[in-house]
Amino acid sequence: MKKVKDFGMSYHSSSLINLPQFKLLQDYVSKRSYEILDHMGYDLSQYNLFWTEFWVQEFAEKGGGHHEGHVHYDNHISGFYFLKCSDKTSFPIFHDPRPAKLMTQLPLKDQKEVSFGTQMINYRPKPGTLILFPSFLEHQFFVDYGVEPFRFMHFNLQAIRKIITEIK
């Protein structure tokens, strides 16, 4: 059997939540996440945002790293902060979240143009790119060929109802 070393692997760090060296990033992402949910029309007056997950992920040096389409259930905002990437590495792909539209999809005039009919879009990040999105948005990562390092931070935040207690 041929040895493939780390082909197809995806490596994950332990949790980075509340580590002092990431406080500025966490504060920034928390504020932007609140603004996104507010802009989407949600009433957050009785909710606080909490970090549920925050880790570094790196795809295999020998290539093959990828993620199939998925959502982050029971969360409200998800995101990526790209550390190492290039035009030769993997990239995120986002899928249309409207299942009823998928049943009646018509051919597009121009597959390269992003329109209301587009089924998925992708972004080619550069180091330092931050992408925040609703956690219900299905996303995946294209297969990485292992040409250059691909490393990013991934995180999820959840809006949790405030607990109100009365002191008598």
Trainee: Keeping to residues at least two apart or across chains, list the salt bridge (charged side-chain N to carboxylate O under 4.0 Å, His left out) pairs with something in residues 75-89.
Mentor: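 Checked against salt bridge (charged side-chain N to carboxylate O under 4.0 Å, His left out) - neighbours excluded - the pairs reaching residues 75-89 are Lys88-Glu148.
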Trainee: To the nearest 0.5 Å, tell me how far Ile77 CD1 sits from Tyr34 OH.
Mentor: 12.5 Å
Trainee: What heavy-atom pair brings Lys162 and Tyr47 nearest, and what distance separates the two atoms?
Mentor: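 Between these two residues, the closest heavy atoms are CE-O, 3.5 Å.
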Trainee: Taking Leu132 as the starting point, is it possible to reach Phe136 by hopping between hydrophobic residues whose side chains are less than 4.5 Å apart?
Mentor: yes
Trainee: How many angstroms lie between atom CG of Leu24 and atom CZ of Phe22, to the nearest 0.5 angstrom?
Mentor: 11.5 Å
Trainee: Any chance you could measure Gln158, atom CD, to Ser78, atom OG, to the nearest 0.5 Å?
Mentor: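 Atom-to-atom, Gln158:CD and Ser78:OG are 11.0 Å apart.
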Trainee: Can you get from Phe59 to Phe7 by hopping between Ile, Leu, Val, Met, Phe, Trp and Tyr side chains that sit under 4.5 Å apart?
Mentor: no
Trainee: Heavy atoms, side chains only, cut-off 4.5 Å: are Ile131 and Pro92 in contact?
Mentor: yes
Trainee: Side-chain heavy atoms under 4.5 angstrom apart, residues restricted to Ile, Leu, Val, Met, Phe, Trp, Tyr: same cluster for Val71 and Trp55?
Mentor: no
Trainee: Would you indicate whether the side-chain heavy atoms of His39 and Ile36 approach each other to under 4.5 Å?
Mentor: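 In short, these two side chains do not touch, never coming nearer than 4.5 Å.
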Trainee: Run the ring-centre check on Phe152 versus Tyr81 and record whether the distance is less than 6.0 Å.
Mentor: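 No: the rings miss the under 6.0 Å criterion.
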Trainee: Determine the minimum heavy-atom distance between Thr89 and Pro149, stating which atoms define it.
Mentor: CG2-O, 3.5 Å
Trainee: Applying salt bridge (charged side-chain N to carboxylate O under 4.0 Å, His left out), which residue pairs with at least one partner in residues 29-49 are found, sequence neighbours left out?
Mentor: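 Found Arg32-Glu35.
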Trainee: Phe133 vs Phe80 aromatic rings, parallel, tilted or perpendicular, using cut-offs 30° and 60°?
Mentor: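 Plane angle between 30° and 60°, so tilted.
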Trainee: If we only count heavy atoms from C-beta on, is the Tyr11 to Met9 side-chain gap below 4.5 Å?
Mentor: yes
Trainee: List the residues meeting side chain to side chain donor-acceptor pair (under 3.5 Å) with Tyr42, not counting sequence neighbours, and say none if there are none.
Mentor: none
Trainee: If you look only at pairs with a residue in residues 94-119, which of them pass as a salt bridge (charged side-chain N to carboxylate O under 4.0 Å, His left out), with sequence neighbours excluded?
Mentor: Asp96-Arg98, Asp96-Lys101
Trainee: Answer with yes or no whether the side chains of Asn156 and Thr52 bring together a donor and an acceptor at under 3.5 Å.
Mentor: no
Trainee: Could I get the full list of side chain to side chain contact (heavy atoms under 4.5 Å, CB included) partners for Ile17, not counting sequence neighbours?
Mentor: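 Side chain to side chain contact (heavy atoms under 4.5 Å, CB included) list for Ile17, sorted by chain: Ser15, Gln26, Trp51, Phe54.
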Trainee: Distance check, rounded to the nearest 0.5 Å: Phe91 atom CZ versus Phe150 atom CZ?
Mentor: 9.5 Å
Trainee: Please answer whether the main-chain N or O of Gly79 pairs with a side-chain N or O of His154 as donor and acceptor at a distance below 3.5 Å.
Mentor: yes
Trainee: Looking at side-chain heavy atoms only, is the closest gap between Ser30 and Leu157 below 4.5 Å?
Mentor: yes
Trainee: Between side-chain atoms of residues 137-145 and protein atoms elsewhere (two or more places apart, or another chain), which donor-acceptor pairs fall under 3.5 Å?
Mentor:
residue, atom, partner, partner atom, Å
His139, ND1, His70, O, 3.3
His139, ND1, Leu137, O, 3.0
His139, NE2, His70, NE2, 3.1
His139, NE2, His72, NE2, 3.3
Gln140, OE1, His95, NE2, 2.6
Asp144, OD1, Ser90, N, 2.8
Asp144, OD2, Gly146, N, 3.0

Trainee: Just how far is it from atom CE of Met40 to atom CG of Leu37, taken to the nearest 0.5 Å?
Mentor: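 These two atoms lie 6.5 Å from each other.
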Trainee: With sequence neighbours excluded, give me every salt bridge (charged side-chain N to carboxylate O under 4.0 Å, His left out) pair touching residues 149-159.
Mentor: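 The answer is Glu58-Arg151.
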Trainee: Are Ile160 and Asn48 packed together at the side-chain level, in the sense that at least one heavy-atom pair is separated by less than 4.5 angstrom?
Mentor: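 Of all side-chain heavy-atom pairs linking Asn48 with Ile160, none is under 4.5 Å.
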Trainee: Does some side-chain heavy atom of Ile121 sit less than 4.5 Å from a side-chain heavy atom of Ile93?
Mentor: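 Side chain of Ile93 against side chain of Ile121, heavy atoms only: no contact under 4.5 Å found.
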Trainee: Taking Gln105 for the side chain and Gly117 for the main chain, is one N or O donor matched with an acceptor at less than 3.5 Å?
Mentor: yes
Trainee: Under the side chain to side chain donor-acceptor pair (under 3.5 Å) rule, collect the residues that match up with Glu61, sequence neighbours excluded.
Mentor: none
Trainee: Once you round to the nearest 0.5 Å, how far does CE of Met153 lie from CG of Leu25?
Mentor: 6.0 Å
Trainee: Under 4.5 Å side-chain heavy-atom separation, chaining through any Ile, Leu, Val, Met, Phe, Trp or Tyr, what else clusters with Met103? Say none if it is isolated.
Mentor: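 Besides Met103, the hydrophobic cluster comprises nothing; the residue is isolated.
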Trainee: Same hydrophobic cluster for Phe94 and Leu102, using side-chain heavy-atom links shorter than 4.5 Å among ILVMFWY?
Mentor: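 Cluster IDs for Phe94 and Leu102 differ.
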Trainee: With side chains defined as the heavy atoms from C-beta onward, is the minimum distance between His67 and Ser10 less than 4.5 Å?
Mentor: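 Sidechains of Ser10 and His67: in contact.
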Trainee: Can you name the nearest heavy-atom pair linking Leu130 to Tyr28, along with the distance?
Mentor: CD2-CE2, 3.6 Å
Trainee: For Tyr123, check side chain to side chain donor-acceptor pair (under 3.5 Å) against everything at least two apart and list the hits.
Mentor: none
